Amino acid sequence: MAIMMDMDELPSTQSLSCKLKLLLTPEQAQAVRDTAIAYRQALNHVSTVAFANGKMSQSMQLHKLVYRDVRERFGLPSQMACNVPRQVASAYQTLWERAKSNATHKAKGWTKRRYKGLDKAPRFTSMTVTLNHRRDWSFGKEQTVSIGTLHGRIRCRYEGWNRHLEWLAQPQDHGVTLGAAKLWQDPVSRMWYLLVSIEKSLDPQAMDNISTIKGVDLNRRNIAVESHTRGKCRFYSGGHRRHIAERVASTRSALQAKGTRGAKSVLRKLALRERRLNADTAHCVSKAIAEPHAMVGLEWLKDIRHRTERRHSRRASARQRKSNRKVSSWNFADIQAKIAYKTRLSGGVPIWVDADYTSQGCPVCGHVGRENRPHHGLLFVCSHCGHTLHADLVAARNISMRTLLIRQDWVRTGRLSTVPEVSGDEAKAVRLSRYAELRWSLDTSSVL
């Protein structure tokens with residue numbers, strides 16, 4: 001059986017990051033820069049020590065090993081010196097998890113490549129400093145913030161998004177709890193920012209106020225396709241983004257072939273520009289999808305890149321390499337994460353469902369087969385009943401029906417299914433058999 005949880009166990013808070021632009025004087029900027037450089041050097045030193053001691057990922061053991069050396073060698077304050085081994089241990093934990101995941105994928109035959117992330121000590125390059133609330137940083141009056149540096153504390157003004165400024169000015173009134181922060185320098189503008197982590201309380205009655213059920217299908221042709229159970233649908237085209245991605249790929253190839261110092265500098269700026277474009281697109285799409293009192297169904301796409309057929313050998317054609325590049329640049333996890341947190345903040349509930357056969361199953365008769373997608377194109381033609389529709393819209397409708405089934409189970413039992421990751425193969429088979437019984441009615445006016 002699938003693992004279930006009571007409604008009281010749903011997340012009561014949402015983690016967010018408020019980006020504040022610091023208005024520093026030249027002297028303050030130099031003090032912050034000296035602190036960031038020392039912190040980065042300490043990270044690389046501790047990373048080397050952890051690698052030499054069996055690629056250590058236990059933060060307490062690493063702390064006992066390097067704390068005194070970090071304080072004396074780099075002059076960091078006590079709290080920053082505690083954050084350094086904690087951050088390095090977290091990085092090694094991530095590398096070990098990726099190595100274990102790679103071993104699992106090799107056992108399943110999804111890949112033949114060996115994970116090389118632990119072959120050498122990871123190197124930290126970003127100008128970032130982790131700060132603890134009320135020890136390394138704190139808010140003051142008149143929209144100012146106090147930050148600890150190697151040369152003492154500094155106080156400066158800051159700017160930010162109006163909603164974030166309103167939350168931070170009166171956190172208790174908006175259900176906001178302040179946490180740690182990161183001091184970060186933008187590599188292009190060289191401006192310093194304070195990234196404040198907060199916990200925003202959510203509506204505890206969100207599930208009781210659900211009035212809309214929708215499913216969202218993500219793919220590389222259309223960024224997203226949403227379908228309501230009442231028959232409404234919407235396409236979010238990715239044509240402009242794909243066009244820019246192709247231009248960027250062509251420019252990147254020419255710069256990499258050139259290989260000069262100037263070309264490498266342009267490459268770094270190009271990568272940052274592409275990252276900002278992808279983030280802006282994801283924000284716009286997720287903002288349009290998230291709406292108040294909606295249950296949004298999303299596909300569980302973990303390990304999708306490893307489960308899809310790709311060819312990496314030298315015999316791979318130019319078309320295959322181009323396809324591999326498109327798969328690798330698909331930022332589905334970022335889009336889903338933004339849809340999820342924006343849905344929670346608006347009073348809705350995000351739900352993850354199994355992605356199996358969503359674009360191959362007919363929503364009208366239930367027939368599943370690859371033959372329903374002639375030539376693997378965008379047209380869906382059911383070989384059993386002849387139902388014809390856009391393949392991405394078919395997938396969105398199947399997701400919305402699976403989401404509706406989860407809500408009906410909640411209404412009947414008072415318990416909500418967790419994400420598909422925590423259930424076994426037997427529970428997944430039971431869910432897929434239930435999904436096969438779902439049917440899309442062309443008369444959806446009476447459906448929630």
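These numbers were taken from a predicted model, which means no experiment stands behind them. FYI, the numbering just counts along the sequence from 1.
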Is any side-chain heavy atom of [Y] closer than 4.5 Å to one of [X]?
X: Val216; Y: Glu299; result: no
X: Ile244; Y: Glu246; result: no
X: Ile289; Y: Tyr236; result: yes
X: Glu274; Y: Arg252; result: yes

When you measure from the side chain of [X] to the backbone N and O of [Y], does any donor-acceptor pair fall under 3.5 Å?
X: Thr413; Y: Asp409; value: yes
X: Asn222; Y: Leu218; value: no
X: Trp96; Y: Lys55; value: yes
X: Arg157; Y: Glu142; value: yes
X: Ser90; Y: Gln87; value: no
X: Arg123; Y: Lys120; value: no
X: Ser101; Y: Glu97; value: no
X: Arg407; Y: Met295; value: no
X: Ser253; Y: Ser250; value: no
X: Ser138; Y: Asp136; value: no

Rounded to the nearest 0.5 Å, what's the gap from [atom1] on [X] to [atom2] on [Y]? Could you check?
X: Asp354; Y: Asn398; atom1: CG; atom2: CG; value: 12.5 Å
X: Leu178; Y: Gln172; atom1: CG; atom2: CD; value: 7.5 Å
X: Asn102; Y: Tyr115; atom1: CG; atom2: OH; value: 8.5 Å
X: Leu24; Y: Ile147; atom1: CG; atom2: CD1; value: 6.5 Å
X: Ser17; Y: Ile198; atom1: OG; atom2: CD1; value: 8.5 Å
X: Asp203; Y: Arg344; atom1: CG; atom2: CZ; value: 13.5 Å

Over 60° means perpendicular and under 30° means parallel, so classify the ring planes of [Y] and [X], tilted if in between.
X: Phe139; Y: Tyr158; result: tilted
X: Trp300; Y: Trp352; result: perpendicular
X: Phe332; Y: Trp330; result: tilted
X: His133; Y: Trp137; result: tilted

Verify the neighbour count for atom [atom1] of [X]: are there more than 12 heavy atoms of other residues, nucleotides or ligands below 6.0 Å?
X: Arg275; atom1: CZ; value: no
X: His384; atom1: NE2; value: no
X: Arg134; atom1: CZ; value: no

Would you tell me whether [X] and [Y] have side-chain atoms, one donor and one acceptor, within less than 3.5 Å of each other?
X: Ser15; Y: Glu199; value: yes
X: Arg373; Y: Ser359; value: yes
X: Asn83; Y: Arg86; value: yes

Option from Asn219, Asp392, Leu393 for which side-chain contact (heavy atoms from CB on, under 4.5 Å) with Leu378 holds
Asp392
Axial cation check for Trp167 ring with Lys200, 6.0 Å and 45° limits
yes
Is it true that the NZ or CZ of Lys19 lies under 6.0 Å from the centre of Tyr193's six-membered ring and within 45 degrees of the ring axis?
yes
Just do the salt bridge (Lys or Arg N to Asp or Glu O under 4.0 Å) check on Arg276 and Asp280 with the steps written out, would you?
CA-CA 6 Å; Arg276 291 194 298 270; Asp280 178 70; over 6 Å; no
Show your working on salt bridge (Lys or Arg N to Asp or Glu O under 4.0 Å) between Arg114 and Asp119 and close with a plain yes or no.
CA-CA 11 Å; Arg114 182 183 66 85; Asp119 288 355; 3.1 Å; yes
Side chain to side chain donor-acceptor pair (under 3.5 Å) partners of Ser383, counting only residues at least two apart:
His367, Asn372
Please enumerate all residues that pass side-chain contact (heavy atoms from CB on, under 4.5 Å) together with Pro292, with sequence neighbours excluded.
none
